[in-house]
Asks: 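Handing you a structure now.
Reminder, nothing fancy here: chain letters follow the sequence lines and each chain counts from 1. Please read all numbers here as calculations on a predicted model, not as lab measurements.
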Protein chains: 2
Amino acid sequence: MTMKALVPVFAALGDETRWSILAALGEGDASASALAGRLPVSRQAIAKHLAVLQEVGLVEPVRVGREVRYRVIGAELTATARRLDAIGAEWDRRLTAIKEIAEGL
Amino acid sequence: MTMKALVPVFAALGDETRWSILAALGEGDASASALAGRLPVSRQAIAKHLAVLQEVGLVEPVRVGREVRYRVIGAELTATARRLDAIGAEWDRRLTAIKEIAEGL
DNA sequence: ACCAATTGCAACTTCAGGGTTGCACATCGG
DNA sequence: CCGATGTGCAACCCTGAAGTTGCAATTGGT
């Protein structure tokens, strides 16, 4: 299991542009430059977003020749979903699993 | 179904302080003033956070006399988790498809 | 009626995040 | 070898989010 901080993952997912990037990557792996061609932002902006996404494990870089393509890691999304679901479930049972997360794990 | 924008929900969940608030609310409904007593931020700051959380449907206000208590809506967390899981699963499906093609299955 | 607690509103400060541009460095192809 | 393509790094704006303080308005309890 990745078991990272979780909150940064949500922060990463809380940006429209990053979802655009994830969506574009859904059509196949792509480099920052390639993505800059499809999206209305500069390559450098995309590079920063990719760095953020990589930081939280949502995306993975793959060197292909002189370019760096990125691949989405769907498993990380599902893992995050599982944890979120667990928290929601615990809440309904009046338990406080969230406390641990809020207190920095 | 709530079916709100989803991205704002993640944005709301991408803040440590708001998780602290959610955690505190996990111990029982509470007002902004009461929360300000437990957390290291001002009441007004908490009020803003509660407004954000309410905006995305994660929390619900309940008037009790002259105070306004807030209650966590666990169902919204679960719903968000479901949607996130669906997205992640979709990605895995694509990757699996690609993998099979690449491996000549 | 009065006092204290609570909320609401507004102005203000601070700073990190998202965006840009510019340039230097690598690397592939002809 | 040289030009084109792609990446990395750095400096720089600029808006918005998170936090603060102060004060007016509401409402409960005694």
Asks: Using a 4.0 Å heavy-atom cut-off to protein, can you give one letter per nucleotide of nucleotides 2-13 of chain C, 5' to 3': B if the base is in contact, S if only the sugar-phosphate is, - if neither?
Replies: --BBSBBB----
Asks: What range of DNA chain D does chain A touch, first nucleotide to last, counting atoms under 4.0 Å from its heavy atoms?
Replies: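 In short, chain A contacts DNA chain D from D/dA4 to D/dC9.
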Asks: Does B/Ala34 have any side chain to side chain contact (heavy atoms under 4.5 Å, CB included) partners at least two apart in sequence or in another chain, and if so, which?
Replies: B/Ala30, B/Ser31
Asks: For B/Arg66, enumerate each residue passing the salt bridge (charged side-chain N to carboxylate O under 4.0 Å, His left out) test, keeping only those at least two apart in sequence or located in another chain.
Replies: none
Asks: When all nucleic acid strands are considered with a 4.0 Å heavy-atom cut-off, which category describes B/Val52: base, sugar-phosphate, or nothing?
Replies: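 The residue B/Val52 makes no contact with any strand.
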Asks: Side-chain N or O of A/Thr17 versus OP1/OP2 of C/dG19: is the shortest distance under 4.0 Å?
Replies: yes
Asks: Over the length of the helix from C/dA1-D/dT30 to C/dG30-D/dC1, how much do the five-pair end axes diverge, rounded to 10 degrees?
Replies: 30°
Asks: Measure from the side-chain N and O atoms of B/Trp19 to the backbone N and O of B/Leu13, and report whether any donor-acceptor pair falls under 3.5 Å.
Replies: yes
Asks: Who else is in B/Val62's hydrophobic cluster (ILVMFWY, side-chain heavy atoms under 4.5 Å, direct or via others)?
Replies: B/Val64
Asks: What is the distance, to the nearest angstrom, from the CG atom on B/Asp15 to the P atom on C/dA16?
Replies: 14 Å
Asks: Using a side-chain heavy atom cutoff under 4.5 Å and only I, L, V, M, F, W and Y, what cluster partners does A/Val52 have?
Replies: none
Asks: Sequence neighbours excluded, which residues qualify as salt bridge (charged side-chain N to carboxylate O under 4.0 Å, His left out) partners of A/Asp15?
Replies: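 Counting only residues at least two positions away or on another chain, A/Asp15 forms no salt bridge (charged side-chain N to carboxylate O under 4.0 Å, His left out).
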Asks: Can you name the residues that form a side chain to side chain contact (heavy atoms under 4.5 Å, CB included) with A/Glu60, not counting sequence neighbours?
Replies: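 Scan of A/Glu60 (side chain to side chain contact (heavy atoms under 4.5 Å, CB included), adjacent residues dropped) gives A/Arg71, A/Ile73.
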Asks: If the condition is ring-ring contact (aromatic ring centres under 6.0 Å, His included), which residues does B/Tyr70 pass it with, not counting sequence neighbours?
Replies: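 Partners of B/Tyr70 by the ring-ring contact (aromatic ring centres under 6.0 Å, His included) criterion come out as none, since no residue qualifies.
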Asks: Return whichever of A/Gly65 or A/His49 has its heavy-atom-nearest nucleotide of DNA chain C closer to the 5' end.
Replies: A/His49
Asks: Check side-chain hydrogen bond (donor to acceptor under 3.5 Å, both in side chains) between A/Glu16 and all other residues, then give those that pass, not counting sequence neighbours.
Replies: none
Asks: Please list every donor-acceptor pair under 3.5 Å in which a side-chain atom of residues 35-49 of chain A meets a protein atom from a residue at least two apart or in another chain.
Replies:
| unit_1 | atom_1 | unit_2 | atom_2 | d |
| --- | --- | --- | --- | --- |
| A/Arg38 | NH1 | A/Ala24 | O | 3.4 |
| A/Ser42 | OG | A/Ala45 | N | 3.2 |
| A/His49 | ND1 | A/Arg18 | NH1 | 3.0 |

